[in-house]
Amino acid sequence: MKTNQYSGFHKLTMEQRAAEVAEFSGLTEEEIGRLTNPGALTNEVADHVIENVIGTYQLPVGVAMNFLINGKEYVIPMVLEEASVVAAASNAAKMARAAGGFTTSYTGNIMIAQVQCIGVANPYFARQNILHHKEEILAIANEKDPVLVKLTGGAKDLEVRIVDSQIGPMVVTHLLVDTGDAMGANAVNTMAEAVAPTIEKLTGGTVKLRILSNLADHRLARATATFTKEAIGGEDVVDGVVAAYAFAAADPYRAATSNKGIMNGIDPVVVATGNDWRGMEAGVHSYCSRGDHYTSLTRWEKDADGNLTGSIELPTPVGLVGGATKIHPAAQACVKILGVKTAAELAQVIAAVGLAQNFAAMRALATDGIQKGHMKLHARNLATVAGATPEQLDAVVAKMVADKKVSVDYAKEILAGMQ
Ligand code: MEV
């Protein structure tokens, strides 16, 4: 295929879909085989990834279609176990296209390493003393990673905070490090350890923790999209989504679920590209907790023309080099399908997918409710489990949904009646 707008893509066989995606993304037969053939991650490789390995674990890889981000078409690989998510993302991306798709930006590949210093008699004086010696501290950090320094400049800045705690005030130094296309955990942790003795000298205190922060608020990706009222079913739908957002913005119980829906889109891309989804989750949820209560990651508003506008801003501690991305053969194939060349581009795609996924859930919730769509996909899964052939599938699903009896037993009963 030449475009990611492919009508009836879901009706193709798995082999046909894979072939279309391979053509779109320029994957070789060997590369697409890493996804279509089981066992891409061999036991030998897996045995080196974590400890006490006894095997590997598979999940489906789907592709979200229709995404137009900053004028570029993306086919987005998503690894997850939940039905409806890929279809919903594709559908939302289609609706966003009426007004030009998604627009994104990024603050840069800056990660934070924290150095915790306790037992400081005069923390505010010590804070300034650290800042007076900023260049010296950055130089010590950068000595640890000349390759990174050559690529990005490495450690670039310092922040020093006084954090009140139950054991007294702590002087917390943040090293701001440009980790380039790597997520950068190893690089920043090494730097944090290297500067610790100097921090102790400058503060008279004792350094304890030296570790990155997942609240990567210097590595923010942003995305916006306008959904025209015509594309999404009218002004009532616009108002419905705005009201659904107002609920999430005001109520942490609802925000948790709304944000879970956003992570339905984000985590599958993070996993597909071999990145650390726990780090991503930690970053997002802590970012939503900066104010006086936990709130929505997205914002939804009605513009002057009555259209729906959405925006998202989130920490994106992800990379393309280092970590599992370079080890996992399927992750490499997914990165190639995605067609991203930098961590910055990956982060912005992730932001757009999160916004799309949130829109899809909010629209469904504000109109029909989500069960209608869910039930159809759930019925497809159950009919397959019951033994329906591809030719029988549509008829079995239609009958299950029409009769509101979605179960494997009922699918078997329908199939028996079709013999
Ligand atoms: C289900 O996985 C996700 C939703 O609950 C998200 C939401 O409520 O916004 C549908």
Side-chain angles (χ1 to χ4, degrees), residues 1-43 45-46 55-68 72-94 264-265 267-274 324-325 327-340 349 353 373-374 376-398 400 408 411 415 418:
M1 65 190 186
K2 301 275 175 268
T3 162
N4 67 4
Q5 291 183 286
Y6 192 117
S7 149
F9 187 77
H10 65 286
K11 293 193 183 134
L12 303 179
T13 63
M14 244 167 83
E15 289 73 20
Q16 288 168 332
R17 285 184 217 127
E20 295 291 354
V21 169
E23 188 197 351
F24 181 86
S25 309
L27 266 71
T28 63
E29 221 165 283
E30 187 275 323
E31 284 169 332
I32 194 73
R34 298 178 197 179
L35 299 169
T36 54
N37 304 324
L41 182 64
T42 61
N43 284 349
V45 175
T56 56
Y57 179 109
Q58 293 200 321
L59 283 171
V61 187
V63 286
M65 306 289 278
N66 303 319
F67 273 85
L68 185 68
K72 177 175 167 184
E73 287 195 337
Y74 290 86
V75 168
I76 300 183
M78 300 178 81
V79 172
L80 85 163
E81 84 303 338
E82 184 172 335
S84 298
V85 169
V86 176
S90 303
N91 200 26
K94 191 172 176 180
N264 273 350
D267 283 340
V269 183
V270 174
V271 175
T273 55
T325 309
I327 297 169
H328 200 303
Q332 290 163 5
C334 286
V335 169
K336 190 156 176 190
I337 290 173
L338 198 50
V340 294
V349 168
V353 175
H374 262 261
K376 207 160 160 202
L377 284 163
H378 187 50
R380 270 189 106 72
N381 291 345
L382 297 188
T384 309
V385 171
T389 62
E391 296 73 39
Q392 295 170 319
L393 205 55
D394 283 346
V396 177
V397 169
M400 286 164 91
V408 176
L415 283 166
M418 286 166 79

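Please read these numbers as outputs of a predicted model, since none were measured by experiment.
- Using modelled atom types, one side-chain atom of Arg34 and one backbone atom of Pro329 make a donor-acceptor pair closer than 3.5 Å.
- In this structure Phe9 satisfies the ring pair (Phe, Tyr, Trp, His ring centres under 6.0 Å) test together with Tyr6, sequence neighbours excluded.
- Note: Leu377 CG to His10 NE2 = 9.5 Å, rounded to the nearest 0.5 Å.
- Qualifying salt bridge (Lys or Arg N to Asp or Glu O under 4.0 Å) partners for Lys336, counting only residues two or more places apart in sequence or in other chains: Glu31.
- A search for side-chain hydrogen bond (donor to acceptor under 3.5 Å, both in side chains) contacts involving Asn66 returns nothing, not counting sequence neighbours.
- Side chain to side chain, Gln332 and Thr325 fail the donor-acceptor criterion of an N or O pair below 3.5 Å.
- Considering every non-hydrogen atom in both Ala388 and Val396, the closest pair reads CB-CG2, 4.4 Å.
- A pairwise comparison of heavy atoms in Ala89 and Phe67 identifies O-CE1, 3.7 Å as the closest pair.
- Val353 is listed as a side-chain neighbour of Met78, based on a closest heavy-atom distance under 4.5 Å.
- The side chain to side chain contact (heavy atoms under 4.5 Å, CB included) search around Glu23 returns Lys2, Glu20, not counting sequence neighbours.
- Note that CD of Gln5 is 8.0 Å distant from NZ of Lys94, once rounded to the nearest 0.5 Å.
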Notebook entry, point to check: Given the rule in the side chain to side chain contact (heavy atoms under 4.5 Å, CB included) test, do Met65 and Glu73 qualify, once you have shown the distances and angles that lead to the verdict?
Noted result: CA-CA 9 Å; Met65 306 289 278; Glu73 287 195 337; over 6 Å; no
Next item on the list: Verify side chain to side chain contact (heavy atoms under 4.5 Å, CB included) between Leu80 and Val271, making sure each step is shown before the conclusion.
Entry: CA-CA 8 Å; Leu80 85 163; Val271 175; over 6 Å; no
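- Under the 3.5 Å distance criterion, the side-chain polar atoms of Ser25 are left unmatched by any main-chain donor or acceptor of Leu27.
- In terms of the salt bridge (Lys or Arg N to Asp or Glu O under 4.0 Å) criterion, Arg17 has no residue partners (sequence neighbours excluded).
- The two atoms that bring Gly274 and Ala324 nearest to each other are O-CB, 3.4 Å, heavy atoms only.
- Using a 4.5 Å heavy-atom cutoff, the side chains of His378 and Met400 are not in contact.
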Notebook entry, point to check: For Thr36 and Glu15, what are the C-alpha separation, side-chain angles and deciding distance, and is it a side chain to side chain contact (heavy atoms under 4.5 Å, CB included)?
Noted result: CA-CA 8 Å; Thr36 54; Glu15 289 73 20; over 6 Å; no
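- Within the 3.5 Å criterion, the main-chain N or O of Gly33 finds a donor-acceptor partner in the side chain of Asn37.
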Margin query: Determine whether Val45 and His328 satisfy the following criterion, side chain to side chain contact (heavy atoms under 4.5 Å, CB included), listing intermediate values before the conclusion.
Written below: CA-CA 8 Å; Val45 175; His328 200 303; over 6 Å; no
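- Considering every non-hydrogen atom in both Leu415 and Gly387, the closest pair reads CD1-C, 4.0 Å.
- Taking all atoms of both residues into account, the shortest heavy-atom contact from Ala18 to Ile32 is O-CD1, 3.7 Å.
- Residue Ile76 forms a side-chain contact (heavy atoms from CB on, under 4.5 Å) with just one option from Val349, Asn4, Val86, and that option is Val349.
- The nearest pair of heavy atoms linking Ala83 to Asn381 is CB-ND2, 4.1 Å.
- For Pro77, the side chain to side chain contact (heavy atoms under 4.5 Å, CB included) test picks out Val61, Ala272, Cys334, Ile337, Leu338, with sequence neighbours left out.
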